[in-house]
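Take a look at the structure below.
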Amino acid sequence: MRRLTAETRIHPSELILPAFVREGTPEPLPLQSMPGVVQHSLDSLRRAAADAAEAGVGGVMLFGVPETRDAIGSAATDPDGILNVATRAVVAEVGDALVVQTDLCLDEFTDHGHCGVLDSRGVVDNDATLERYREMAVVQAEAGSVVLGLSGMMDGQVAAVREALDAAGHNDTAILAYAAKYASSFYGPFREAVDSQLQGDRRSYQQDPANRREGLREARLDLEEGADILMVKPAMSYLDVLSDVAAFSDVPVWAYQVSGEYAMIEAAAANGWIDRRRAIEESLTGIRRAGADAVLTYWATEVARWLR
């Protein structure tokens, strides 16, 4: 009876697997703060993508961890940089079975860990950063990414990237706008995952967790600039914002179940305080119930197998 009358369901194709690939590592490196998640080698990334495809997962979102960083994140626009090499590898492996997506942001590639270029005062320069994003967009599209995840939260980033893609002939490359991305404490484990060099914080360009209406305004702006998909991040602490965005959006709305959300459930389950599987399923159901059309989650492949 519960199954028959359930209002919200999860399907494997609505799950997207975030994956980290580290330059120069011959084998996957486990993350202490995210049990079960690794920094992949190219070979292990191919296997993980193939496993996700076999399980029926909808897509994979790739993050690169370079060996060398500099102030402008040069490795991000190097066609032979780790993220672009990994993209080509995953597209060749599973491009017909998964939607291959890439994170378009500079934080993994800069020696200061910020999402953009810094000015002489050490403050993120929005317009200089947009120029870097334009270059990244074209390089990532040429590597085979079909959805670019604009996670940097720069003003005007959607319009800038759309213009660059269209000018380069990549009209069919979709833009996933991280429209409502909050300056959250739940990103902590992600910093280990990308070996972040962050100095200070990102509160000057990510949103205040206290502001609900601001998230809706930011989402509307990205939609007006041509976003194909809107993202709310994090997910579980911002279900009200997710519901607001989903209520007005005429494009798909996704949510990112971030590293801290993953780590909390894994830690509580490891201590025997909660039922792991039920907690995972309940958390994803709550995100879908709030209005997410798809969810980025580190459990994507595992949950997809449960659902089959």
Side-chain angles (χ1 to χ4, degrees), residues 16-18 59-64 73 76 83 99 101-109 113-116 124 126 129-130 132-134 136-137 140 145-162 165 173-187 190-191 193-194 196 198 201-209 211-212 214-239 241-242 244-246 249 251-261 287 290-298:
I16 299 158
L17 177 68
V60 59
M61 174 65 77
L62 303 179
F63 298 84
L83 180 56
V99 178
Q101 309 162 50
T102 46
D103 180 58
L104 197 158
C105 192
L106 286 170
D107 60 323
E108 300 105 294
F109 301 97
H114 278 284
C115 297
V124 172
N126 191 96
T129 299
L130 294 185
R132 296 291 294 136
Y133 286 3
R134 291 173 190 264
M136 289 179 69
Q140 289 185 2
S145 177
V146 295
V147 178
L148 307 185
L150 276 59
S151 63
M153 287 298 289
M154 297 297 118
D155 292 338
Q157 63 182 10
V158 173
V161 166
R162 182 75 271 160
L165 289 171
T173 303
I175 292 177
L176 163 61
Y178 284 55
K181 182 179 179 180
Y182 286 83
S184 173
S185 62
F186 292 109
Y187 302 146
F190 181 89
R191 307 279 161 80
V194 297
S196 174
L198 181 63
D201 60 51
R202 297 174 177 145
R203 288 185 294 177
S204 65
Y205 48 97
Q206 293 180 356
Q207 293 173 236
D208 184 346
N211 292 354
R212 177 176 180 173
E214 183 184 3
L216 193 61
R217 183 172 69 250
E218 291 289 339
R220 289 187 187 279
L221 288 170
D222 283 351
L223 194 58
E224 290 170 4
E225 290 180 21
D228 300 291
I229 307 163
L230 299 177
M231 174 79 88
V232 175
K233 180 182 179 182
M236 291 173 65
S237 296
Y238 298 89
L239 296 179
V241 179
L242 174 59
D244 289 345
V245 174
S249 178
V251 302
V253 176
W254 295 359
Y256 198 145
Q257 188 176 47
V258 300
S259 59
E261 300 171 51
I287 296 166
D293 297 297
V295 184
L296 280 76
T297 176
Y298 299 97

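When reading the values below, keep in mind they use all heavy atoms of this one structure, side chains included, and skip hydrogens, waters and symmetry mates.
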Exercise: identify the closest heavy-atom pair between Pro18 and Ile16: CD-O, 3.3 Å
Considering all heavy atoms of both residues, which atom of Pro209 and which atom of Tyr238 are nearest to each other, and what is their separation? CB-OH, 3.2 Å
Checking Tyr182 side chain against Asn211 main chain: does a donor-acceptor pair fall under 3.5 Å? yes
Shortest non-hydrogen pair, Ile287 vs Ala255, comes out as CG2-CB, 3.7 Å
For residues Gly113 and Asp107, report the shortest heavy-atom separation together with the two atoms involved. O-CB, 3.5 Å
Between Thr102 and Leu83, does a side-chain contact (heavy atoms from CB on, under 4.5 Å) hold up when you go through it step by step? CA-CA 8 Å; Thr102 46; Leu83 180 56; 4.2 Å; yes
Side-chain donor or acceptor of Asp293 paired with backbone N/O of Val253 under 3.5 Å: yes
With a distance cut-off below 6.0 Å to the six-membered ring centre and an angular limit of 45° from the axis, does Lys233 pair with Tyr256 as a cation-pi contact? yes
Can you give me the closest heavy-atom contact between Val245 and Gly215, atom names plus distance? CG2-O, 4.5 Å
side-chain contact (heavy atoms from CB on, under 4.5 Å) between Cys105 and Tyr133, intermediate numbers included: CA-CA 7 Å; Cys105 192; Tyr133 286 3; 4.1 Å; yes
Answer yes when Asp228 and Arg162 have at least one side-chain N-carboxylate O distance shorter than 4.0 Å, and no when they do not. yes
For a side-chain contact (heavy atoms from CB on, under 4.5 Å) check, start with the C-alpha distance between Leu296 and Trp254, then their side-chain angles and the critical distance, and finish with the verdict. CA-CA 8 Å; Leu296 280 76; Trp254 295 359; 4.0 Å; yes
Can any side-chain N or O of Gln257 pair as donor or acceptor with the backbone N or O of Tyr298 at less than 3.5 Å? no
Restricting to pairs with a member in residues 150-161, which pass side chain to side chain donor-acceptor pair (under 3.5 Å), not counting sequence neighbours? Asp103-Ser151
Check against side-chain contact (heavy atoms from CB on, under 4.5 Å), Leu150 and Leu148: CA-CA 6 Å; Leu150 276 59; Leu148 307 185; 3.9 Å; yes
Which pair of non-hydrogen atoms, one from Ala177 and one from Ala227, has the smallest distance, and what is that distance? CB-CB, 3.7 Å
Before giving the answer on side-chain hydrogen bond (donor to acceptor under 3.5 Å, both in side chains), spell out for Gln140 and Ser145 the whole-Å C-alpha distance, their side-chain angles and the decisive distance to 0.1 Å. CA-CA 6 Å; Gln140 289 185 2; Ser145 177; 5.0 Å; no
Any donor-acceptor pair under 3.5 Å linking the side chain of Gln101 with the backbone of Met61? no
Passing candidate, side-chain contact (heavy atoms from CB on, under 4.5 Å) with Val251, options Leu230, Ile175, Asp222: Leu230
